[in-house]
Amino acid sequence: MRRHFIFLALVLTACLIAPTTQAMDAAAEEDEGSFNLIIYFFLGIALVGWTFFLGLVGGAILHIVKRSRKPYTPKHPVKCK
């Protein structure tokens, strides 16, 4: 009895999903030739943003490396009396 119920549920699910997948395939075939410029626009903005961010991180790392080579010595150190 349980096997029949599972088989019936699988067949019913397949029948309900089949028209949806056929409609998606038909829509995909129609949209294949279109050129979506807005995607490339957003990718360009993201590329500029990531380049700026990674440039700041790289600059900070270089600044830390340069300062660590020469220890900082103040010109007029504070003396305790």
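I64 pairs by the side-chain contact (heavy atoms from CB on, under 4.5 Å) definition with nothing, not counting sequence neighbours.
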Please table the atom pairs, donor to acceptor, closer than 3.5 Å between any side-chain atom in residues 46-63 and protein atoms at least two apart or in another chain.
from	atom 1	to	atom 2	distance (Å)
T51	OG1	L47	O	2.6

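One distance of note links OH of Y40 with CG of L37; it measures 9.5 Å at 0.5 Å rounding.
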